[in-house]
Amino acid sequence: MDLNLDAPHSMGTTIIGVTYNGGVVLGADSRTSTGMYVANRASDKITQLTDNVYVCRSGSAADSQVVSDYVRYFLHQHTIQLGQPATVKVSANLIRMLAYNNKNMLQTGLIVGGWDKYEGGKIYGIPLGGTVVEQPFAIGGSGSSYLYGFFDQAWKENMTKEEAEQLVVKAVSLAIARDGASGGVVRTVIINSEGVTRNFYPGDKLQLWHEELEPQNSLLDILNAAGPEPMAI
Amino acid sequence: MDLLKVNWGRRKHSLFYYLFLASKQLFPLDLYLFSPNPFRFDQPSSSSRLFDFGRMSQAGVDVPAKGGFSFDLCKRNDMLIQKGLKAPSFLKTGTTIVGLIFKDGVILGADTRATEGPIVADKNCEKIHYMAPNIYCCGAGTAADTEAVTDMVSSQLRLHRYQTGRDSRVITALTLLKKHLFSYQGHVSAALVLGGVDITGPHLHTIYPHGSTDTLPFATMGSGSLAAMSVFEAKYKEGLTRDEGIKLVAEAICSGIFNDLGSGSNVDICVITKGHKEYLRNYMEPNPRTYVSSKGYSFTKKTEVLRTKITPLMERVEITEVGEAMEE
């Protein structure tokens, strides 16, 4: 079994960003893989750029960390120069400039989401190559392939905050069930005019889907369990 | 390459020594392999240069920075290998390195085997490197790379301490290492477990050769990481005491030593708490040398001393005070 521990650290990932009536909800799984080995089963893929803008990272772990570090730095300077919190559009544009101008070297897809006082809650998807698309909802990462149909059917305009978060958690959990490169826990971040709320849903508390088994705590529990009663004649 | 020209005339070395030297030349990849320079927004102009990325700020002009990778000799090396010359192998640390956060701080652990292909080059090497009085770093991967990168960042941290007048923070070491490794795009093969206690508390990070980092309560790296991680996943819990933590780290490293071919020999442990650190070199030696002759070793013919000449390296200088001491 060739685990290839020298493979670059990549985040298989499922990342989601959804707008609702009053803000945005960002969601992600927590698995970072190196080849076939899970290097970090509890990573945080939703990184803060400013107080009101967060970004979901997917693709190469190193590339996405470096891009988000640079953009956080630029936004910090921009906020000081502007004298006001930066808008989501500016954050998305800065990410897009880095992603597009270095498209040959970078391999990272990002979803920028946040709330500002001019436009409210906004989601911008920035896939490989450096396009920027403003969308009511965006999905990314290897696990997103399994969610396109789901979102076409389940997403609707003007959801409430609870509905939107439940949708995101359900979607990430469906992708985790089907995508090998996604797993761990589900993290969500809700951003609106009042501020930012981070939530955490452990993997074994998620709803089970078709043909999934209950998580077992340990093989020892199964092995030591009492067997069936011996047959009696 | 000047090194080669000088040595050629003076002493005879085998060809592989030159190959070895050539491969040691380092050059920042981002300047010579990729054009335009990554992360440069538009045409070079001082106004748009918002960030100082060390070497990159000198890259505005076409003068190459000193040091870094140079691929000039690659074609020649390929030709030599085709002709039958054996390329030198490099020293890798097969390795099991681990770190965990316990109640009062951080415990780092490492094995002590350094391999060169299938041969054990060093049976008792030190893989826990000093970064700052309160920060230590375990290194896996190519031994030269881990040594060089940790020494470099350790001296950068010391200069930073002199400048700021404060104790170094773990996140500073993390950022310096991550920036360096990213700019070499994974060619500096150093996978590190960085741990320390600073004013903000205990921290533990893993750093991969491509420059990505993770922050974790317990971490393992190296070829023996799977064996060690299985021990941690089974037995780790929050709020371990010092003795429990040391026992768990030793167990994880032993698991790597006995189940991974690239790791072996002894267990090194380093315990870092607020204001205090303990480097337990060879904490456990589970692989003692068997069959040691009880008579000891002696050599029949003693070495003859033909001639003795002592050359002092530092001149002894007499200082005579002439006149009065200077006064302001």
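In this text the structure is predicted, and so the values were computed from the model without any measurement. Below, read A as the first sequence line, B as the second, and so on, with proteins coming before strands; counting in each chain starts at 1.
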Taking all heavy atoms of B:Ser212 and all of A:Ala62, pick out the closest pair and write down the distance. CB-N, 3.4 Å
Per the side-chain contact (heavy atoms from CB on, under 4.5 Å) rule, which among B:Thr213, B:Thr206, B:Thr215, B:Asp214 passes with A:Asn40? B:Asp214
Just wondering, more than 12 heavy atoms not from A:Tyr100 lying within 6.0 Å of its OH? no
More than 12 foreign heavy atoms under 6.0 Å from CZ of A:Arg41: is that the case here? no
Below 4.5 Å, heavy atoms only, C-beta onward: do B:Met229 and A:Tyr37 meet side chain to side chain? yes
Look at atom CG of B:Leu261 and say whether more than 12 heavy atoms of other residues, nucleotides or ligands are closer to it than 6.0 Å. no
Taking side chain as everything from C-beta outward and backbone as N, CA, C, O, which of these in B:Thr220 sits under 4.5 Å from a heavy atom of chain A? Side chain, backbone, both or neither. side chain
Side chain from CB out, backbone as N, CA, C, O: work out which of these in A:Asp63 comes under 4.5 Å of a heavy atom of chain B, or both, or neither. both
For residues A:Asp69 and B:Lys178, determine if any side-chain heavy atom of one lies less than 4.5 Å from a side-chain heavy atom of the other. yes
Is it true that, when you exclude A:Gln107 itself, more than 12 heavy atoms of the residues, nucleotides or ligands shown sit nearer than 6.0 Å to its CD? no
With rounding to the nearest 0.5 Å, note down the distance linking OH in B:Tyr208 to OG in A:Ser60. 13.0 Å
Would you say A:Arg178 has more than 12 foreign heavy atoms packed within less than 6.0 Å of its CZ? no
Could you check whether atom CZ of A:Arg187 has more than 12 heavy atoms from other residues, nucleotides or ligands sitting under 6.0 Å from it? yes
